[in-house]
Amino acid sequence: MQGMRAIERGLGMNRARVRFAPSPTGYLHVGGARTVLFNWLFARHHGGTFVLRIEDTDVERSTEASVDAIIDSIKWLGLDWDEGPTVGGRYGPYFQSERLDIYREYADRLLSKGYAYPCYCTPDELEEARRAALARGESVGYPGRCRHLSAEERRAFEAEGRKPALRFKVDDGETVVDDLIRGEVRFENRFIDDFVILKSDGYPTYNFAAVVDDTLMEISHIIRGDEHLPNTPKQIMMYRALGFDLPRFAHVSMILGPDRTKLSKRHGATSIGQYRDEGYLPDALVNYLVLLGWAYDATSQIFSREELVEKFSLEKVSKNPAVFDPEKLLWMNGHYLRATDLKTLAALAVEHLARAGLATASPDGREMARIEKIVGLLRERMHTVKDVVTLGDFFFTEKVDYDAEAFEKFLTRDYVPETLREIRRRLAAIDAFTAADVEKVLRGYAAEAGRKAGDIIHPVRVAVTGRAASPGIFEVLELLGRDVTCSRLDAAVARLATGS
RNA sequence: GGCCCCGUCGUCUAGCGGCCCAGGACACCGCCCUCUCAAGGCGGUGACACGGAUUCGAAUUCCGUCGGGGCCA
């Protein structure tokens, strides 16, 4: 309850305003997605505003394609923003590259008030100083040369044509970050170098631009990754120097790979787009992600969007970093798959079938109905939508490829050829070709032949599906239809006669 | 190297001084169901990093050690 009050106090007179501020230098990854999610949930829970801001001041690495990819991923997850790209808002522009004048203005303010100074050191000089300090076994921070330049020295550098960067003057003392998740974190200022706020090319550094924007956009709560915690004291110093009110901070722990280092590409799939392509459901991903660092109670695992919005709170966000577990995500996805209605699922399945060349991208009504039935049979054993391809390919191909092991195990028994021939004959003769009728034929024949039902069923399964495992065979045969069933039984018999 | 964060089953976590010889979920194992594979049901294996201190009592508080990670360079 104590924590709750702290958050409400932070809201001040206004509603919660939070933001997600990605650099468009790649795709939205799992860690970023969870940060968006937490921000979104916080905003929705408090009836506040969620802002999307693009931090594209790194001209070299920022791309428009990245902006699009990130936006697509956020949308795909079913999350929306109230201000930002594509929707606008009163606090724009929402691209930092369009706010350069603003940063310069505030940088000037810092300069004129004596909180910042121009630094003429070149990268080479800095590098040299660093190496020298290292050699002497001293601390390798900025040596502070330009902090006390005289007017002449400055003029001399200017005359050389040097373009200065702007550094923030860090005073002695201590800066305390009052974090909603971590509590008070204290930093001694003497360990913090005078840092650059405006680069010599006129572009702001991350820390500076974030402070200016978060203030101008009236962000009340900064919910972001843990890796920014060490940046926070610098930002706080700037807030104070600029006379800005502090927002509340909440630093969420990072998501790690199995080796406990920051999750990255080498750990496998990390981009949200990739999960979409592989047949994951947005709801499943959201539900899995929210559980990485947040728990509502001792037992709940599955949460609908509505429940999440209602129940989410920063108090219950944990401090420990979390290892991303693809296995649990897979389980979660399977769970959501089974809860999705067949029409929706079939539509999704079509995409994957089409991509695999097993179906047209826009099947007609009859084919769609068939796919729906197939998905209905397959769904219990699917973990991703894409599994419809690997599990159900035999529904869509002309012929089947026999799994070698299954063939060996079930079709090479000596009673099999005769059995398949007889089953085929009987199936061709029955009136209706429903699962119930098919079952009667198979079980009936087993009884007559004095065999266990399994002894008949397994060879038939392999002959018709090519594999040892499938959905219930009677339903499968019904869906395949009489013609396909019979021709596949024929094919198996023929294969057994020529082969082996 | 300096600073900061973190440390409960393999993994995600519940736990905020006694309800805990630690609960749930995934994974794993077994049983049931069953035409196979799943799904589902039931059961099981499995953790408080270590050492001190505080306390009648510590997973929970404090200190140290160790381990992991991040940031700056």
Side-chain angles (χ1 to χ4, degrees), chain A residues 1-3 126-127 129-131 133-134 137-143 175 177 179 181-183 185-193 195-196 206-207 225-234 251-263 287-302 315-335 337-338 377-383 387 391 406 409-410 435 438-439 442-443 446 451-462 465 467-477:
Chain A
M1 283 298 100
Q2 190 64 32
L126 257 16
E127 180 57 37
R130 188 178 309 138
R131 231 174 284 145
L134 212 56
E138 290 172 11
S139 165
V140 292
Y142 175 66
T175 304
V177 180
D179 193 276
I181 294 171
R182 283 158 211 279
V185 184
R186 323 185 84 86
F187 294 85
E188 285 186 63
N189 292 179
R190 64 190 171 94
F191 293 119
I192 301 173
D193 294 326
F195 52 91
V196 173
Y206 160 77
N207 282 315
D226 204 3
E227 65 269 28
H228 293 296
L229 188 52
N231 281 324
T232 310
K234 297 181 189 174
H251 287 93
V252 183
S253 283
M254 299 193 312
I255 297 178
L256 275 23
D259 61 354
R260 300 210 145 265
T261 62
K262 198 172 179 172
L263 191 68
N287 197 152
Y288 175 71
L289 250 22
V290 81
L291 253 26
L292 244 35
W294 178 83
Y296 178 66
D297 56 26
T299 59
S300 307
Q301 304 285 326
I302 305 293
E315 281 71 44
K316 287 179 172 288
V317 171
S318 91
K319 300 196 236 196
N320 353 357
V323 172
F324 186 80
D325 180 10
E327 291 278 353
K328 186 160 181 177
L329 205 210
L330 214 49
W331 165 80
M332 182 84 68
N333 203 55
H335 175 91
L337 235 37
R338 267 161 253 129
L377 286 189
L378 254 22
R379 153 160 81 171
E380 252 159 39
R381 35 226 111 196
M382 288 164 53
H383 288 104
D387 284 341
L391 260 26
K409 184 166 180 199
F410 293 111
V438 170
E439 177 164 9
L442 294 201
R443 289 199 192 278
R451 295 192 177 279
K452 285 185 288 181
D455 291 338
I456 307 302
I457 286 170
H458 297 316
V460 169
R461 168 177 289 115
V462 177
T465 70
R467 58 189 78 203
S470 80
I473 193 64
F474 314 124
E475 288 77 13
V476 167
L477 294 193

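Proteins get letters first, then strands, A, B, ... in listed order; numbering begins at 1 in each. No experiment lies behind these values; they were computed from the predicted model shown. No hydrogens, no waters, no symmetry mates; every other heavy atom, side chains included, goes into these values.
- Using atom P as the reference point in both B:C42 and B:A27, the two lie 15 Å apart (nearest Å).
- Here, B:G70 and B:C12 have their P atoms 15 Å apart, quoted to the whole Å.
- For A:Thr261 (side chain) and A:Gly257 (main-chain N/O), no donor-acceptor pair under 3.5 Å exists by modelled atom type.
- Nucleic acid contact class of A:Leu292 (heavy atoms, under 4.0 Å, all strands): sugar-phosphate only.
- The backbone N or O of A:Phe187 sits nowhere less than 3.5 Å from a side-chain atom of A:Thr175 that would complete a donor-acceptor pair.
- Residue A:Asn320 places no side-chain N or O under 4.0 Å from the OP1 or OP2 atom of B:G69.
- For the P atoms, the distance from B:G41 to B:A22 is 25 Å, rounded to whole Å.
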Heavy-atom protein contacts under 4.0 Å, nucleotides 21-26 of chain B, coded B base, S sugar-phosphate only, - none: --BBBS

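- Across all strands shown, B:C16 remains unpaired; no Watson-Crick or G-U wobble contact has both distances below 3.5 Å.
- Nucleotide B:C71: paired with B:G2 (Watson-Crick or G-U wobble, both distances less than 3.5 Å).
- Comparing B:U60 with B:U13, their C1' atoms sit 16 Å apart, to the nearest whole Å.
- The residue among A:Val185 and A:Val323 whose nearest nucleotide of RNA chain B is located toward the 5' end is A:Val185.
- Using a 4.0 Å heavy-atom criterion, one finds that A:Pro471 contacts the bases of the nucleic acid, with or without backbone contacts as well.
- Considering only side-chain N and O atoms, A:Arg260 lies under 4.0 angstrom from the phosphate OP1 or OP2 of B:C12.
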Take A:His251 and A:Ile181 through the test side chain to side chain contact (heavy atoms under 4.5 Å, CB included) and record every step on the way to the result. CA-CA 6 Å; A:His251 287 93; A:Ile181 294 171; 5.8 Å; no

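- In this structure, A:Ser470 reaches the bases: a heavy-atom distance under 4.0 Å links it to at least one base atom across the strands shown.
- Counting atom types as modelled, A:Arg381 pairs a side-chain N or O with a base atom of B:C37 as donor and acceptor under 3.5 Å.
- Between the side chain of A:Ser300 and the main chain of A:Tyr296, no donor-acceptor pair closer than 3.5 Å is present.
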Expected string for nucleotides 62-67 of chain B under the B/S/- scheme (protein heavy atoms, under 4.0 Å, primed atoms plus P, OP1, OP2 as sugar-phosphate) is ------

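- When the C1' atom is compared between B:G23 and B:C16, the two are found 15 Å apart, to the nearest whole Å.
- Under the Watson-Crick or G-U wobble criterion, with both distances below 3.5 Å, B:G46 has no partner in any strand shown.
- Residue-level contact check: A:Gly225 touches neither bases nor backbone, having no heavy atom under 4.0 Å from any strand.
- Comparing the P positions of B:U11 and B:U65 gives an interatomic distance of 25 Å, to the nearest angstrom.
- Taking for each of A:Ala468 and A:Met254 the nucleotide of RNA chain B with the nearest heavy atom, the 5'-most of the two is the partner of A:Ala468.
- Atom name P, nucleotides B:U61 and B:U8: the rounded distance is 13 Å, in whole Å.
- Between A:Tyr206 and A:Phe195, the distance separating the two ring centers is not shorter than 6.0 angstrom.
- For B:C28 and B:C9, the C1' atoms lie 12 Å apart once the distance is rounded to whole Å.
- For the pair A:Asp193 CG and B:C72 P, the computed distance is 12 Å after rounding to whole Å.
- The residue A:Phe187 sits close only to the backbone: its heavy atoms come under 4.0 Å of sugar-phosphate atoms, none of a base.
- Within the nucleic acid shown, A:Gly454 has no heavy atom closer than 4.0 Å to any nucleic acid atom.
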Let me see the working for A:Arg443 and A:Ile456 under side chain to side chain contact (heavy atoms under 4.5 Å, CB included), right down to the final yes or no. CA-CA 8 Å; A:Arg443 289 199 192 278; A:Ile456 307 302; over 6 Å; no

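- Remark: A:Lys262 is not in phosphate contact with B:G69, judged by side-chain N or O atoms under 4.0 Å from OP1 or OP2.
- The partner of B:C66 is B:G7, judged by Watson-Crick or G-U wobble contacts that both fall below 3.5 Å.
- The nucleotide B:C31 finds its pairing partner in B:G41, both defining distances of the Watson-Crick or G-U wobble pair being shorter than 3.5 Å.
- Ring planes of A:Phe410 and A:His458: tilted class, angle from 30 to 60°.
- For the pair A:Arg467 and B:U36, the criterion of a side-chain N or O lying under 4.0 Å from OP1 or OP2 is not met.
- In this structure, A:Arg461 reaches the bases: a heavy-atom distance under 4.0 Å links it to at least one base atom across the strands shown.
- Looking only at side-chain heavy atoms (C-beta outward), A:His383 and A:His335 stay at 4.5 Å or farther from each other.
- Counting non-hydrogen atoms under 4.0 angstrom, A:Arg379 reaches nothing in the nucleic acid.
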A:Asp226/A:Arg182 under salt bridge (Lys or Arg N to Asp or Glu O under 4.0 Å): CA gap, chis, key distance, verdict: CA-CA 10 Å; A:Asp226 204 3; A:Arg182 283 158 211 279; 3.8 Å; yes

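- One N or O on the side chain of A:Asn287 and one on the backbone of A:Gln301 form a donor-acceptor pair closer than 3.5 Å.
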